[in-house]
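Below, chain A is the first sequence line, B the second, and so on; all start at residue 1. Predicted model, so just to flag it, every value in this text is computed and none were measured.
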There are 2 protein chains.
Amino acid sequence: MSQESAEPGDDAFRQAEKGKPARADAQRNLGALLDAALAVFAASGVDAPVREIAAKAGVGVGTLYRHFPQRADLVGAVFRREVDACADAAPALAAEYAPGEALARWMQRYAAFIATKRGLAGALHSGDPSYSCLPDYFQARLVPALRQLLDAAIAAGEIRADVEADELLNAAARLGMQAREDRPGHAERMVALLVDGLRYGAASAIPRP
Amino acid sequence: MSQESAEPGDDAFRQAEKGKPARADAQRNLGALLDAALAVFAASGVDAPVREIAAKAGVGVGTLYRHFPQRADLVGAVFRREVDACADAAPALAAEYAPGEALARWMQRYAAFIATKRGLAGALHSGDPSYSCLPDYFQARLVPALRQLLDAAIAAGEIRADVEADELLNAAARLGMQAREDRPGHAERMVALLVDGLRYGAASAIPRP
DNA sequence: TTAAATACGGAACATTGTTCCGTTTAGCAA
DNA sequence: TTGCTAAACGGAACAATGTTCCGTATTTAA
């Protein structure tokens with residue numbers, strides 16, 4: 001969830017509510033559950049058996065349900081954690097690489113993130129209110145992150161200036177989703193192509209056809 | 001299912017294979033199952049309990065599994081049956097109404113069909129190969145049906161000529177999907193608006209902006 | 001009418017989500 | 001260090017649902 005407020009059923013909630021730090025083992029297990037869920041979701045989708053996640057984390061199912069009373073709580077927590085990691089990668093890449101290169105690398109990072117989300121898209125649009133806030137979080141975190149990279153690259157004259165962050169994010173998501181096991185590297189190449197398109201006509205915005 | 005070829009696990013398959021007509025009770029139960037599944041899917045989505053469908057059809061679960069060994073077989077059969085009904089409605093409407101009116105009525109029919117398919121969209125794109133042929137069937141049946149109506153209306157000078165059947169089909173699907181219980185009639189009005197858009201500038205295609 | 005083939009029904013089994021409670025452990029005070 | 005308490009843990013038990021299997025009933029054809 002957003003940084004300022006956690007929701008019931010999430011451990012951070014209780015901690016913020018009562019000002020009492022969670023017990024050490026509880027913190028450890030929470031992290032283990034998120035790690036395990038990330039791996040299992042990627043391998044088997046968001047409908048993977050709860051027991052499998054608990055087993056991979058080395059805890060009992062009771063512990064899992066203590067931390068995440070509803071399945072959506074776990075899915076949301078994993079999702080947000082990954083969105084955050086992806087968003088945070090933007091300034092890190094910007095600090096290490098030239099603007100254009102940072103942008104290209106971040107787009108690959110983002111597409112790879114999307115590729116692991118097969119099955120989640122369906123859940124997101126399933127009408128389940130538990131998931132309704134996730135798309136907003138997604139937008140709120142990633143659009144500014146990308147915009148920073150874009151602006152820097154534009155300022156450096158490395159890319160054209162006539163593309164918006166949100167449309168680029170959406171386009172890359174479409175490309176990232178079509179990752180297939182029978183076409184390794186396809187999505188990556190397409191995203192790279194997209195970024196090369198930005199480079200074409202750099203510093204002198206080509207009028208749209 | 002499709003008229004020309006059934007697939008393994010579907011009863012019509014065995015019938016076509018061995019040239020032997022199915023037993024009378026088997027035919028009856030097959031129809032009852034399809035009717036029941038249609039109703040239950042519409043009410044509870046394609047993940048509705050198998051027992052509920054069997055009960056509604058007045059048969060045992062064993063009978064259901066005999067006819068449809070996999071859940072996808074049942075979903076596909078119901079889907080195709082409805083696609084066929086929708087496609088067949090086009091010539092029927094064309095025979096009864098003026099071209100423009102027939103088109104308008106069919107678009108409503110189609111949007112209503114889409115509205116009942118919540119949840120199926122997710123299954124369709126889930127990557128399950130059992131569903132992979134359904135979108136093709138959908139296109140193959142409905143695009144020609146709509147094209148007939150469009151061509152007739154264009155020939156009669158009732159609508160403009162610069163819209164393709166597949167794009168119109170897709171647009172109406174988007175509108176049909178957003179049917180909400182809190183906004184009765186919303187999707188219908190939007191589809192009607194879309195059709196009125198076709199009427200604007202009839203017989204003298206307005207150049208696109 | 002009778003017998004074989006076919007289909008039926010639902011009990012039984014398997015898998016997975018969810019709850020509950022006895023047991024264990026971390027944190028703290030004496 | 002020791003003992004206490006609240007918190008957390010683990011997994012058995014329960015519930016819901018998908019799937020299989022086989023004894024029984026029905027249809028069909030000779």
Which nucleotide in the set D:dT19, C:dA26, D:dT17 lies at the smallest distance from any side-chain heavy atom of B:Tyr65?
D:dT19
Looking only at the side chain of A:Pro49 (C-beta and beyond, no hydrogens), which of the listed nucleotides C:dT16, C:dA7, D:dC9 gets closest?
C:dT16
Return yes if the base of C:dT6 and the side-chain atoms of B:Arg23 contain a donor-acceptor N/O pair under 3.5 Å, otherwise no.
yes
Please determine whether any donor N or O and acceptor N or O are separated by less than 3.5 Å between the side chain of B:Arg51 and the base of D:dT19.
yes
Please confirm whether the shortest side-chain N or O distance from [X] to OP1 or OP2 of [N] is below 4.0 Å.
X: B:Asn29; N: C:dA7; value: no
X: B:Thr63; N: C:dG9; value: yes
X: A:His67; N: D:dA8; value: no

Nearest whole angstrom, please: distance from the [atom2] of [N] to the [atom1] of [X].
X: A:Gln27; N: D:dA7; atom1: CD; atom2: P; result: 15 Å
X: A:Asp25; N: C:dT24; atom1: CG; atom2: C1'; result: 10 Å
X: B:Ile53; N: D:dT17; atom1: CD1; atom2: P; result: 12 Å

Sub-3.5 Å donor-acceptor pair from the side chain of [X] to the main-chain atoms of [Y], do we have one?
X: B:Arg71; Y: B:Val46; answer: yes
X: A:Trp106; Y: A:Ala94; answer: no
X: A:Gln108; Y: A:Glu188; answer: yes

Is it the case that the side chains of A:Arg105 and A:Tyr97 hold a donor-acceptor pair, with the cut-off being a distance below 3.5 Å and no angle test?
yes
By nearest nucleotide on DNA chain D, pick out whichever of B:Arg71 and B:Ala24 is the more 5' one.
B:Arg71
Here's a test of your reading of the structure: between B:Ala48 and A:Val61, which maps to the more 5' nucleotide of DNA chain D?
A:Val61
5'-most by nearest nucleotide on DNA chain C - A:Asp47 or A:Gly62:
A:Asp47
